[in-house]
Amino acid sequence: MTKNAVAERPAAGLAAVRSRLPGYGVYLAVGLLMLYNIVFTPYFLTLSNLRIQLIQVAPIVIVALGMALVIGTEGIDLSVGSVMALAAALIPLYLGYGVVAAIGVSLAAGVAVGLINGVLVARVGLQPIVATLAVFVGGRGLAVVVSDGQLKDIRNPDVLHLGSGDLLGIPVLVWIAAVLVALVAFVLRRTVFGRRLLAVGGNRRAAELAGLPVGRVLITVYVICAVLASIAGLLSVARIQSSDASAVGLLIELSAITAVVVGGTPLTGGRVRILGTVAGAVLMQLVIATMIKHDLGPSTAEMAQAVIILVAVWVARERKSR
Amino acid sequence: MSVRSNRWRRPAVAVLGAAMVLGAAGACAKSEESPTSGATGPAPAASQVVQSAAAGAATCTIDQYGGTKVDLKTAKVGFSQSEKEANPFRIAETRSIEDEAARLGITNLTTANANSQFNKQISDVEQMIDSGVQLLVIAPLNSDGWDSVFAKASAKKVPIITIDRKINATACKDYLTFIGSDFAEQGKRAADEMAKALGNKGEVAILLGAPGNNVTTLRTSGFKDQIAKVAPDIKVTFEQTGNFSREEGQKVTEQLLQSNPNINGIYGENDEMALGAVTALKGAGKKAGDIKIVSIDGTKGAVEGIVNGWISAVIESNPRFGPLAFDTATRFFAGEAVGQDIIIADRAYDTTNARADVGSAY
Amino acid sequence: MTLLEVAGVSKSFPGVRALDDVSFTLRPGEVHALVGENGAGKSTLIKVLTGVYRPDSGELRHHGRPVSFAAPMDAQRAGISTIYQEVNLIPLMSVAQNLFLGREPRNRLGLIDRGRMEREARGILADYGVTTDVRRQLGTLPLGAQQMVALARAVMIDAQVVIMDEPTSSLEPREVQTLFGVIRRLHARGIGIVYVSHRMDELYEICDSVTILRDGRLVHTGRLADLERIELVSMMLGREMSQTRRQGFTAFAGDHTTDDAAPPVLRVTGLTSRTRLHDISFDVRPGEVVGLGGLLGAGRSETIKAIGGAYPLDAGTVEVDGTHLERPSTVRAVAAGIAVQPEDRKAEGIVAGLSVRDNIALAVLPRMSRLGIVSDAKIDAVVARYMTRLRIKASGPDQLVGDLSGGNQQKVLLARLLATRPKVLLLDEPTRGIDVGAKAEVQSLIDELAGEGLGVVLVSSDAEELVEGSDRVVVLRDGAVVGHLTGDRVTTEDLMAGIAAAAPSEDHT
């Protein structure tokens with residue numbers, strides 16, 4: 001479209017700001033909101049507050065990581081909330097065999113759902129939104145059946161430690177999320193799989209003709225996403241100290257997609273911003289926290305989120321039209 | 001093409017296999033041991049009691065309503081549940097109807113669950129009417145939109161008893177009677193308990209129920225009105241929704257504790273949110289009793305919370321509609337006058353009775 | 001009198017000056033060629049003429065009066081129509097409906113007079129060489145016929161100016177001649193035509209005057225007949241005349257030395273796929289360039305894709321170096337040493353959102369990694385090697401491929417293929433839509449690769465390129481092999497004769 005000169009010459013002024021906005025706007029927004037809170041919200045600049053916000057955002061970050069990878073392949077995964085519910089439902093059922101077994105079964109459920117999604121998308125050729133809709137609808141129902149439709153309290157100290165324990169003064173939950181962020185970023189940047197993922201998302205047909213195992217890449221992406229969702233599911237259980245299959249992860253697919261999009265990852269695939277996704281989730285968490293701390297109604301928070309999403313989409317559109 | 005189709009068949013089979021293994025594994029599930037003794041085995045249920053038989057309250061007889069007398073034992077009875085049996089209230093409600101029907105020897109009971117979809121509930125009920133039920137017990141999801149059902153039911157003169165939520169229509173004409181709690185009254189009683197727990201002084205936060213729900217509205221207004229009346233020195237300084245869910249109750253409480261350290265009391269508009277608040281308090285390093293919690297519903301978990309000292313009082317919202325509903329129906333078919341608005345008396349749990357009564361909580 | 005005129009127009013985008021003080025004049029009844037390499041500013045100038053862009057400075061005059069088009073609709077109302085490579089009509093509507101969309105003839109009741117509409121549509125389209133049933137859905141017509149319908153529609157809207165942006169790129173030779181017939185009639189009616197094309201033959205056949213742009217600036221404007229081909233090319237390239245003359249029209253050196261006794265590196269036997277391919281067989285020896293000749297739809301691209309495992313086959317085998325390729329797939333084909341350069345570079349070739357580095361390394365990541373973790377050092381070495389060898393012009397390996405010119409995108413794609421160390425290279429229109437300079441470079445690269453012992457299969461619609469580039473030509477028609485050109489018979493005349501002799505009946509539906 002344009003000439004080589006574009007990239008060589010540093011763009012100047014407003015145009016430069018606008019071209020960077022989709023990628024970095026989310027950090028700007030987080031910064032502004034932090035500044036506002038530091039000035040106007042009592043007890044905001046405290047360790048205990050930082051702790052709470054990080055703990056609350058951790059499960060969304062973990063789910064959003066997987067979602068970002070799927071969106072990077074020009075897909076979408078609606079089933080993450082149901083996968084969380086399945087994982088949550090299975091945990092109390094198998095705790096009798098020990099923590100490791102229970103977690104293993106939950107993660108295995110994630111792998112199974114990921115395989116179903118991946119095979120439907122990659123081999124059967126369904127559109128991702130349709131393929132994952134099946135589990136979105138059926139997965140939670142299955143979870144409710146598996147758990148007998150009952151909320152179950154968790155008392156296993158090891159599980160509870162995951163949700164409320166500390167390691168070196170930092171919550172275990174936050175450690176896990178941080179490690180997963182680093183891991184996913186590493187996989188994306190440094191591995192064969194990560195680079196293939198971006199190529200498949202950027203131009204699936206070209207990736208096929210280049211001899212890439214496109215189907216395998218897609219299936220792996222959906223498995224990773226589902227496993228991350230089941231991790232988030234079992235961490236949620238550990239945190240609320242009970243397993244409620246009908247409530248865990250409800251509507252989280254929307255929060256995750258929002259975090260990914262607000263973080264500057266285009267829905268058209270081929271590019272994934274991991275740190276942006278984390279910042280997107282943090283931004284949404286900060287909006288909710290600000291609303292709660294100032295005792296504003298939930299509808300206000302929803303409207304604020306809507307505005308943020310619209311701005312994010314608008315900014316992304318600006319970039320595309322250039 | 002044949003080459004291509006083979007390619008996905010193998011993984012698909014593998015996935016199916018994995019899913020089946022997973023399903024089969026459910027058979028050998030093993031839960032963790034439960035330390036509380038009271039949690040196992042069916043506890044003696046506390047059935048509902050009518051709050052008051054106020055003189056002059058509107059009543060209804062079979063002559064006014066129309067229809068024929070039937071013997072309940074042999075009658076075809078339909079029960080339509082509104083929401084998934086995923087919370088203790090719904091579980092107890094459905095079980096109560098089924099248990100009471102079994103106890104009375106009613107063999108022809110049809111139940112349906114709308115899974116929170118109003119259209120499904122309407123069609124559930126219409127199917128029941130078509131199949132010739134002679135008594136309908138409905139736990140309505142919505143208060144409006146029942147006109148088509150009423151038209152159908154009144155053509156066949158099928159008496160309708162609505163439970164737990166009221167329908168906006170005329171009693172003794174569109175439907176027979178409503179049996180349920182007075183949500184505003186529950187809020188008032190919660191306020192009384194809160195005033196008592198705080199010694200009439202302090203700052204209180206409310207964990208609101210789902211927005212736009214009349215249970216939320218009434219439990220909020222009842223609580224606030226009563227607090228203003230009996231303990232004007234208690235200020236409600238914070239109101240945020242926890243959507244009746246434990247997780248959100250916990251999240252909101254975490255934020256609240258951090259930004260409003262002066263809070264002394266938390267009013268949870270249901271037990272789930274209050275239990276979430278307890279988890280949040282534990283996480284914030286608070287001790288039992290540091291912050292007084294009062295909630296509504298009377299689930300076993302919350303009553304155990306009183307025993308453990310984390311919760312001050314719980315106002316019951318009794319879900320055991322079975323005995324009262326069938327008793328009302330029996331009297332109606334016998335030609336007696338029944339109330340058009342039967343408000344049940346809800347119990348209260350506090351430190352004095354929680355240990356003794358935890359077994360009868362649902 | 002002038003019909004449409006721009007004077008001293010400039011237009012800038014962030015970081016690039018797309019048009020710099022360009023003037024352009026179109027007179028009634030003139031066919032005006034607008035030429036230049038990719039990125040010279042042709043597209044921008046067209047968008048200024050049609051009201052898509054507003055110029056930063058300079059003036060647009062219509063019939064001598066200054067005008068300012070706020071939107072493309074304004075330009076259309078002023079009688080300026082544009083025919084793009086892609087057809088902008090509604091594929092699910094009938095041909096007649098498309099032709100009369102928005103201006104349907106009415107009967108006395110005010111209803112659409114279908115009979116009259118179809119009668120008139122038949123009459124109009126006959127002039128454009130379209131003799132199909134006008135009740136057919138437009139989408140079921142061949143692309144060339146669709147383009148004629150678009151053109152007829154554009155002319156019907158009282159067009160005074162018709163802008164044609166590479167109108168022949170998807171047309172067959174016979175359709176091109178029909179188009180030229182139409183252009184001559186428009187010319188006679190005093191309509192001005194702006195004609196954009198990369199094909200020299202067409203320009204000299206149909207155009208009166210020419211405007212040459214380079215790097216956003218006007219290089220030359222005048223009568224085309226006064227300009228020698230070689231001069232035109234050198235002005236587009238900005239090269240010395242002598243250099244261009246020495247290079248000739250294509251950069252192919254001539255025949256390659258191949259050992260006739262050597263076993264074939266690629267052997268294709270009996271490729272058959274439903275109605276598209278019928279029993280196609282041929283060999284390619286190491287160091288040999290085998291051309292696939294034929295008209296559009298003869299099965300050239302399908303053959304190439306089928307060899308590369310990307311087209312479903314009902315029968316047939318592919319052998320590379322004597323090894324039979326079991327269960328064809330793109331993954332196995334690449335592993336066996338087959339590299340396919342697809343015809344549609346943007347849709348099937350490059351990954352526009354990835355960098356030059358990632359695009360080149362795409363197919364060889366396993367070789368550049370240990371335990372699944374890629375080594376940037378290894379990748380950088382390979383990328384640097386191919387960027388130098390293919391003279392890829394980019395700000396660096398990190399530049400996004402989507403931001404490169406067409407020629408450089410093509411080179412990146414070729415670099416990706418070569419990085420797989422293929423034994424056989426299948427090239428489908430390797431020089432389509434790229435500028436003259438890059439074209440020459442790609443052509444000499446093909447020579448060079450054959451010289452290194454690669455087997456090459458070449459598909460090109462440019463007869464000169466096919467003939468000069470290939471050692472042998474396999475002529476296809478309707479998915480079957482109908483002739484072989486070898487030795488002295490590899491000439492454009494023989495190719496044309498081969499295709500013509502093979503030409504099917506007039507049935508083109």
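Residue numbers start from 1 in every chain, and the chains themselves are labelled A, B, ... in the order their sequence lines are given, proteins ahead of strands. Both backbone and side-chain heavy atoms feed into the values below; hydrogens, waters and symmetry mates do not.
- Comparing Val340(C), Asp358(C), Ile350(C), Val364(C) by how many heavy-atom pairs each has under 4.5 Å with chain A, the most go to Ile350(C).
- For the atom pair Glu429(C) CD and Ile304(C) CD1, the distance stands at 9.0 Å (nearest 0.5 Å).
- Distance OH/Tyr27(A) to CG/Leu275(A): 4.5 Å, rounded to 0.5 Å.
- Using a 4.5 Å cut-off between heavy atoms, Ile373(C) contacts chain A through both its backbone and its side chain.
- Interface residues of residues 412-420 of chain C toward chain A, defined by a heavy-atom distance below 4.5 Å and sorted by number: Arg416(C).
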Side-chain donor-acceptor contacts of residues 224-232 of chain A below 3.5 Å, not counting sequence neighbours, with atom names and distances?
residue, atom, partner, partner atom, Å
Ser230(A), OG, Ala226(A), O, 3.3
Ser230(A), OG, Val227(A), O, 2.8

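- With hydrogens and angles left out, the side-chain atoms of Ser301(C) and Glu343(C) include a donor and acceptor closer than 3.5 Å.
- Ranked by heavy-atom pairs under 4.5 Å with chain A, the list Val374(C), Val334(C), Ile338(C) is led by Val374(C).
- Other residues, nucleotides and ligands contribute only 12 or fewer heavy atoms inside 6.0 Å of the CD1 atom of Ile129(A).
- Using a 4.5 Å cut-off between heavy atoms, Ala347(C) touches chain A through its backbone atoms (N, CA, C, O) alone.
- Under 4.0 Å is where a charged nitrogen must lie from a carboxylate oxygen, and between Arg195(A) and Asp376(C) at least one such pair does.
- Contact of Val331(C) with chain A is made through backbone and side chain together, with heavy-atom distances under 4.5 Å.
- Evaluated for a side-chain contact (heavy atoms from CB on, under 4.5 Å) with Arg204(A), the options Val217(A), Leu212(A), Leu218(A) yield exactly one hit, Leu218(A).
- We find that Lys305(C) and Glu302(C) are not joined by a salt bridge, their nearest charged nitrogen and carboxylate oxygen being 4.0 Å or further apart.
- Asn359(C) CG to Gln399(C) CD: the interatomic distance, rounded to the nearest 0.5 Å, is 12.0 Å.
- The CG atom of Leu371(C) sits 12.0 Å away from the OG1 atom of Thr191(A) when rounded to the nearest 0.5 Å.
- When atom types are taken as modelled, the side chain of Asp56(C) and the backbone of Ser12(C) share a donor-acceptor pair closer than 3.5 angstrom.
- Between the side chain of Ser106(A) and the main chain of Ala87(A), a donor-acceptor pair closer than 3.5 Å is present.
- With respect to the salt-bridge test (charged N to carboxylate O, under 4.0 angstrom), the residues Arg332(C) and Glu326(C) do not qualify.
- For the pair Arg217(C) and Asp21(C), the salt-bridge criterion is not met [side-chain N within less than 4.0 Å of a carboxylate O].
- We find the CG-CD1 distance between Leu120(A) and Ile219(A) to be 9.5 Å, quoted to the nearest 0.5 Å.
- Contact annotation for Lys346(C): only backbone heavy atoms (N, CA, C, O) come within less than 4.5 Å of a heavy atom of chain A.
- Contacts from residues 181-190 of chain A to chain C, taken as heavy-atom pairs separated by less than 4.5 Å, involve Phe186(A), Arg189(A), Arg190(A) in sequence order.
- Note that CG of Leu362(C) and CG of Asn203(A) are 9.5 Å apart. Values are rounded to the nearest 0.5 Å.
- When each of Gly308(C), Ala361(C), Ala333(C), Pro366(C) is checked for heavy-atom pairs under 4.5 Å with chain A, Pro366(C) comes out on top.
- Near-neighbour residues of residues 67-79 of chain A relative to chain C, defined by a heavy atom under 4.5 Å from a heavy atom of that chain, are none.
- At a threshold of 4.0 Å, the pair Arg300(C)-Asp428(C) does not count as salt-bridged, since none of the basic side-chain nitrogens sits closer than that to a carboxylate oxygen.
- Ranked by non-hydrogen atom pairs under 4.5 Å with chain C, the options Gly194(A), Ala199(A), Gly202(A), Ala207(A) are led by Ala199(A).
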